[in-house]
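Report on the following structure.
Any value given below was found using the heavy atoms of this structure, including those in side chains, with hydrogens, waters and symmetry copies removed. In this chain, numbering begins with 1 at the start of the sequence shown.
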Amino acid sequence: MDDQEKKISALCLGPKGSGKTTLMKKLQDAEGIDNTYSPVSTIGTNIYDIYYLNKHGKKQMLTVREVGGEMAPLWSNYLDGVNKVIYVVDTSNLCQISAAAVLLYTLLAEPRLKTAKFMLVLSKMDAAYRQMRNEALLMLQYARLRAELKNAPKLLEASPLTGEGIDELRAFLAESKQTPPKVTA
């Protein structure tokens with residue numbers, strides 16, 4: 001693993017077609033995002049440099065690796081050193097949410113992510129209606145996650161097309177990095 005690989009402490013994960021790439025491009029302030037295209041699933045990974053202002057007003061950069069939903073069986077290869085996970089779920093596609101929940105629970109149970117902060121992003125809120133949001137939360141058993149997990153995911157409603165939730169997501173990424181727990185022999 002080269003130096004660039006070691007610096008990546010944030011992952012963007014979620015099922016195929018959940019809107020991860022468009023969300024990352026919007027977060028990156030990429031110019032020329034074509035909102036009329038038919039998205040193509042990411043096969044492999046994409047790397048995004050996200051810029052933000054720290055609490056002292058200094059411009060900082062954080063690198064986020066987006067791993068395609070098609071690669072879910074291989075996600076475990078990218079978990080070392082990760083302290084933030086953005087997990088994206090398409091709220092306009094209720095058929096996908098049960099599978100998304102299984103993948104999310106697998107990540108939450110992963111020992112290497114025990115201290116990682118999670119952001120559960122309900123994406124494509126512009127294409128969903130309020131009842132779909134509520135059904136998605138019910139299917140994901142979000143209330144139970146919040147009640148039972150010490151490190152429960154934060155919830156964010158977002159739309160990469162309208163920009164809803166982008167500032168909140170950037171703030172989540174800008175939060176101070178966690179210090180790894182000390183290991184005693």
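For Leu149, the side chain to side chain contact (heavy atoms under 4.5 Å, CB included) partners are Leu108, Leu145, Ala152, not counting sequence neighbours. Every residue two or more places apart in sequence or in another chain was checked for a salt bridge (charged side-chain N to carboxylate O under 4.0 Å, His left out) with Glu164, and none qualifies. Every residue was checked against the salt bridge (charged side-chain N to carboxylate O under 4.0 Å, His left out) condition with Glu168, not counting sequence neighbours, and none meets it. In this structure Asp167 satisfies the side chain to side chain contact (heavy atoms under 4.5 Å, CB included) test together with Arg170, sequence neighbours excluded. The side-chain hydrogen bond (donor to acceptor under 3.5 Å, both in side chains) check on Gln96 picks up nothing, with sequence neighbours excluded. Legend: residues meeting salt bridge (charged side-chain N to carboxylate O under 4.0 Å, His left out) with Lys114, ordered by chain and number and at least two apart, are absent. Arg146 pairs by the salt bridge (charged side-chain N to carboxylate O under 4.0 Å, His left out) definition with nothing, not counting sequence neighbours. Under the rule for a side chain to side chain contact (heavy atoms under 4.5 Å, CB included), the partners of Arg112 that lie at least two apart in sequence or sit in another chain are Ser76, Leu79, Asp80, Glu110. Every residue was checked against the side chain to side chain contact (heavy atoms under 4.5 Å, CB included) condition with Lys150, not counting sequence neighbours, and none meets it.
Of all the heavy atoms in Pro160 and Thr22, the pair that sits closest is CB-CG2, 3.6 Å. Contact record, Ser123 with Thr91: O-OG1, 2.8 Å, taken as the closest heavy-atom pair. Minimum heavy-atom separation, Pro15 to Tyr87: CD-OH, 3.8 Å. Closest approach of Gly19 and Val88 over heavy atoms only: C-CG1, 4.4 Å. Among all heavy-atom pairs drawn from Leu113 and Phe118, the shortest one is CD1-CZ, 3.9 Å. Here the closest heavy-atom approach between residue Leu120 and residue Leu140 is recorded as CD2-CD1, 4.1 Å.
Using a distance-only test at 3.5 Å, with no hydrogens or angles considered, a donor-acceptor pair links the side chain of Lys84 to the main chain of Leu173. The backbone N or O of Ala116 sits less than 3.5 Å from a side-chain atom of Asn151, completing a donor-acceptor pair.
Judged by the 6.0 Å and 45° rule, Lys25 forms no cation-pi pair with Tyr48.
Defined by atom type and a distance below 3.5 Å, a donor-acceptor pair is missing between the side-chain atoms of Glu66 and Thr45. Judged by distance alone, the side chains of Thr63 and Asp49 do bring a donor and an acceptor atom under 3.5 Å apart.
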Practice problem: Take Lys55 and Glu175 through the test salt bridge (Lys or Arg N to Asp or Glu O under 4.0 Å) and record every step on the way to the result. | Solution: CA-CA 9 Å; Lys55 62 183 175 183; Glu175 289 174 3; over 6 Å; no
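By the 4.0 Å N-to-carboxylate-O rule, Glu157 lies too far from Lys124 to be salt-bridged with it.
Note that the CE atom of Met24 and the CZ atom of Arg65 stand 13.5 Å from one another [nearest 0.5 Å].
Evaluation of the side chain to side chain donor-acceptor pair (under 3.5 Å) test over residues 97-108, restricted to residues two or more places apart or in two chains, returns none. Residue pairs meeting the salt bridge (charged side-chain N to carboxylate O under 4.0 Å, His left out) criterion with at least one member in residues 93-106: none, sequence neighbours excluded.
Val67 and Val102 are not part of a single hydrophobic cluster, where members link through side-chain heavy atoms under 4.5 Å apart.
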